[in-house]
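All residue numbers in this chain count up from 1 along the given sequence.
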Amino acid sequence: MRILGTGSALPARRVTNEELTAFLDTSDEWIRTRTGIAERRVLNEESVLSLAREASLRALENAGLNADDIDMIIVSTAKGETVTPATANLLQGEIGAHCPAFDLNAACSGFLYALDLAQPYIDSGKAQRILITCAEAISRLCDWTDRSTCVLFGDGAGAAIVGAGEGLLATRLTSVPNLGALNAYHDPGNNPFQEHKHPASYLHMAGQEVFKFAVSTSSADLRAVAEAAGVGLAEIDFFVLHQANMRILEAVRTRLGQPKEKFPSNIARTGNTSSASVPILLDELNRSGALTPGMLIAMSAFGAGLTSGAALLRWA
Ligand code: ACO
């Protein structure tokens, strides 16, 4: 399996750290030094669906394909446009595709989970081309009075179309149940027969616990995919990591003993866009011309679950 095209979309509204200080007890200096984030994009006119549509159409154009060429749509999202139908079904209507479509929720690891899921379909020939679109609006999940979470996130969508080819060399997924580290509850509904309902809640995160998990798991996952593919870490050209926190990226980089230039980052402009972050960064690299055929690219993401995923691919 290989990547045939990429696309991404960000909301127009830029929100700087300085703007957050108008209603939160925080500072540009705290956010920059603890996270590397200077600004993020937040939904205003857009919706999760409109971002998904824009990113998907760009990926189709980049791959030189039409919507009818797509055999399956997987949307990764923590909070889609609707509870049901799936955002993937709505996206299908928006782009005019005629194929199975469903949503996947593996939190920030969604892109890697989707890649892994797509591989047997492509390898077996059951599907020729699969559209993976990660569309996230964590701004809808955050409590905007909680300075420990809302400053970290941004909205956006990233997409990739995969098809047959010699590209994906290894993948690895992990999951360990940990409700306390990172969670948000749905609206429980008004079932009169259920006495004890957990109320709907905003995103809650035990920051330091997630930080430690992210660094140790991402480092282990990246080593594992490199080993599985028989590739030395030094041979890898780019490490495209989930843009959760600049300090996490730095800690992983140091553990792997790799130079800074191999760890591209857009977190200063985007904040943490959950599962969209890896495909957005991949699309930016692709469009900037930084990726040339034959390059080895390692990807790694981690998030609520706690889940993690990594992949090693040769750019084709
Ligand atoms: N502005 C100013 N002060 C703040 C802010 C803020 N925005 N947020 C927290 N603080 C304060 C805290 O209240 C605390 O104050 P106290 O010492 O008086 O109690 C102090 O800063 C230190 O707080 P810590 O939580 O210890 O700060 P830390 O250095 O751990 O940084 C952070 C917090 C940035 C959340 C960090 O733990 C982190 O990045 N964790 C990983 C989060 C992550 O990667 N999540 C993404 C993966 S999952 C996903 O993407 C959905």
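A side chain to side chain donor-acceptor pair (under 3.5 Å) check over residues 282-301, counting only residues at least two apart or in different chains, returns the pairs Thr6-Asp283, Thr6-Asn286, Ser8-Asp283, Asn62-Asn286, Ser218-Ser300, Asn266-Glu284, Arg269-Glu284, Asp283-Arg287. Residue pairs meeting the salt bridge (Lys or Arg N to Asp or Glu O under 4.0 Å) criterion with at least one member in residues 132-151, sequence neighbours excluded, are Asp25-Arg147, Glu81-Arg140.
Around the NZ atom of Lys197, the shell of radius 6.0 Å holds more than 12 heavy atoms that belong to other residues, nucleotides or ligands. The 12-atom threshold is exceeded at CZ of Phe263, counting heavy atoms of other residues, nucleotides or ligands nearer than 6.0 Å.
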> Going through the checks in order, is the side chain to side chain donor-acceptor pair (under 3.5 Å) test met by Ser109 and Ser308?
Replying inline: CA-CA 5 Å; Ser109 313; Ser308 79; 5.8 Å; no
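With no hydrogens or angles considered, a side-chain donor-acceptor pair links Asp155 and Ser139 at under 3.5 Å. Checked by atom type, the side-chain pair Asn245/Glu250 shows no donor-acceptor distance below 3.5 Å.
Taking the side chain as every heavy atom from C-beta outward, Arg247 and Phe211 approach each other to under 4.5 Å.
Taking a cutoff of 4.0 Å between a charged side-chain nitrogen and a carboxylate oxygen, Arg53 and Glu46 do not qualify as a salt bridge. With respect to the salt-bridge test (charged N to carboxylate O, under 4.0 angstrom), the residues Arg129 and Asp71 do not qualify. Classification of Arg223 and Glu227 as a salt-bridged pair fails, no side-chain N sitting under 4.0 Å from a carboxylate O.
The two residues Ile267 and Thr35 come nearest to each other via the heavy atoms CD1-O, 3.8 Å.
Ring geometry for His198 against Tyr185 counts as parallel: the plane angle stays under 30°, on a 0 to 90° scale with 60° as the upper cut.
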